[in-house]
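All remarks here apply to the structure that follows.
Any value given below was found using the heavy atoms of this structure, including those in side chains, with hydrogens, waters and symmetry copies removed. A note on names: the letters A, B, ... follow the listed sequences, proteins ahead of strands, and every chain is numbered from 1. Note that the structure is a prediction, hence the values are computed from the model and not measured.
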Protein chains: 2
Amino acid sequence: MPEPSTRKDAVRNRKAVLAAADALFDRSGNPEEVTMADVAAAAGVGKGTLFRAFGDRNGLLLALYEHRIEPIRQTVQAGPPPLGPDTPARERVPALLDALLRFKLDNRRLALALEETGSTSPYLAAHYEDWHSLLRSALEQIPGLTDNSEFTAHVLLAAIRADLVEYLAGHKGVPREEMHAQLARFTAGVLR
Amino acid sequence: MPEPSTRKDAVRNRKAVLAAADALFDRSGNPEEVTMADVAAAAGVGKGTLFRAFGDRNGLLLALYEHRIEPIRQTVQAGPPPLGPDTPARERVPALLDALLRFKLDNRRLALALEETGSTSPYLAAHYEDWHSLLRSALEQIPGLTDNSEFTAHVLLAAIRADLVEYLAGHKGVPREEMHAQLARFTAGVLR
DNA sequence: AGTAGAATCGGACTGCGGGTCCGTTTCGAT
DNA sequence: ATCGAAACGGACCCGCAGTCCGATTCTACT
């Protein structure tokens, strides 16, 4: 990410901001109450620096997200089954959803903040398209689902949206394994 | 809604505000850019009046929503099949989802505004609980779905969330009937 | 009809957060 | 050591939800 010719104070500050934001978002219950000024202060940096490095609030959230999701992305793209590309679709679909659910449980605040961001619908984010098309092409390889795969992929992703996960896990107190089990059961039903 | 002893100017202003808000939300593409000041101005009323009548932005949105959804609510509660209580669950579930999808298509801006409202997750709204428990109890009457009905109801409702509907219908240009068809196909699959 | 006083009105005002601006500081190439 | 360029940082601006309180309008009572 850091360009070859970037001044080292810029690099240092970028890291400081990422670390501070990372900590702040996980700590607070409601991500909306973490302000940009807070992040800048916690990182020991001015607001100007913060905004120059990440553009806007959404840019910061995105950078955090990409950093955290990287391992999963890698595994999906070139790793072993059940996530990697060599997995039969029937196993890969539930595995993908399971991994994403685990990610959202592990990164609830961040995922929430990312999907909330008022004006920007989560469906317009670049990474949504990625996950959707991956899931969709997996679904297309399963006989009997090829016709409605587009919509089915949307619904399966909607089943693990950050605010739903937060509601069930955080508000309703549904335990982790229970959520995984319910999602697996539902997915199995859809895949018939 | 207006208490027996409410001054008539208050009643008049309340109606004016509702009418103005109704029009404004439907007109603008992005509901976030309709400000409370706009609504007050369009209604020919001061901001103080607006806030006294509805509490806050969310209160206004809710009042609008309840006004518009009332016919559906009535039909569901005491109307004829396929929405009313005498409908066999197997037909009622898809009918409910279809009606809600139609509602969201017809009231896109409003539904969006209602589900966005930053800090307040849609899952904490009173009406979500209502629809969820209705759908869930219908699902429970279908053999083979009784175990996972809770989660299944959440997912089916997630399939018609306002921002997803807006994304598909508005951004991707999926026509109405196509959306209804896709939802019906998916639901049929889930109900097996 | 007239009047008192309570409820409502309305727009100036506050608080707050995202985002910008620009004088000052730091970097690194020569 | 020097100089131009890039980065810094915090004062500043802007827009919006929500509040406050003096002015206004309604209604109950005579």
Exercise. Mind calculating the distance between CG (B:D38) and P (C:dG10) to the nearest angstrom?
Key: 17 Å
Quiz item: Take atom NZ in A:K15; do more than 12 heavy atoms of anything else shown fall under 6.0 Å from it?
Solution: no
Quiz item: Choosing from D:dA11, C:dG10, C:dT8, which nucleotide comes nearest the side chain of B:V45?
Solution: C:dG10
Quiz item: Rounded to whole angstrom units, what separation is found between the CG atom of B:L61 and the C1' atom of D:dA17?
Solution: 13 Å
Quiz item: Is the shortest side-chain N/O distance from A:N13 to OP1 or OP2 of D:dA7 below 4.0 Å?
Solution: no
Quiz item: So, does the side chain of A:R7 form a donor-acceptor pair with the base of D:dA7 at under 3.5 Å?
Solution: no
Practice problem: Return the value, rounded to whole Å, for the distance between atom CD of A:E33 and atom P of C:dG15. | Solution: 20 Å
Quiz item: Quick one: does B:R57 reach the base of D:dA17 with a side-chain donor-acceptor pair under 3.5 Å?
Solution: no
Quiz item: What's the CG-C1' distance between B:L50 and C:dC9, to the nearest Å?
Solution: 12 Å
Quiz item: Going by the angle between their ring planes, with limits at 30° and 60°, are A:H132 and A:H154 parallel, tilted or perpendicular?
Solution: parallel
Quiz item: Atom CG of B:N58 and atom C1' of D:dG18: how far apart are they, to the nearest Å?
Solution: 14 Å
Quiz item: D:dA17, C:dG18, C:dG28: which one has an atom nearest the side-chain heavy atoms of A:K47?
Solution: C:dG18
Quiz prompt | Parallel, tilted or perpendicular: rings of A:Y167 and B:Y128 (30°, 60°) | solution = perpendicular
Quiz item: For A:T49 and D:dA7, is the shortest distance between a side-chain N/O and OP1 or OP2 below 4.0 Å?
Solution: no
Quiz item: Got a salt bridge between B:R92 and B:D86, using NZ or NE/NH1/NH2 to carboxylate O under 4.0 Å?
Solution: no
Exercise. Compare the minimum distances between each of C:dG18, C:dC9, C:dC27 and the side chain of A:F51, then state the nucleotide with the smallest one.
Key: C:dG18
Quiz item: Between D:dC8 atom P and A:D9 atom CG, what is the distance in whole Å?
Solution: 5 Å
Quiz item: Taking for each residue the nucleotide of DNA chain D bearing the nearest heavy atom, is the 5' side occupied by A:G44 or by B:T35?
Solution: A:G44
Exercise. Report the distance from atom CZ of B:F54 to atom C1' of C:dG10, rounded to the nearest whole Å.
Key: 16 Å
Quiz item: Which whole-number value in Å describes the distance from B:M36 CE to C:dG11 P?
Solution: 17 Å
Self-check item: The single option from B:D163, B:V165, B:N107 passing side chain to side chain contact (heavy atoms under 4.5 Å, CB included) against B:L112
Solution: B:D163
Quiz prompt | Short side-chain N/O contact to C:dC9 OP1/OP2 from B:R52, under 4.0 Å | solution = yes
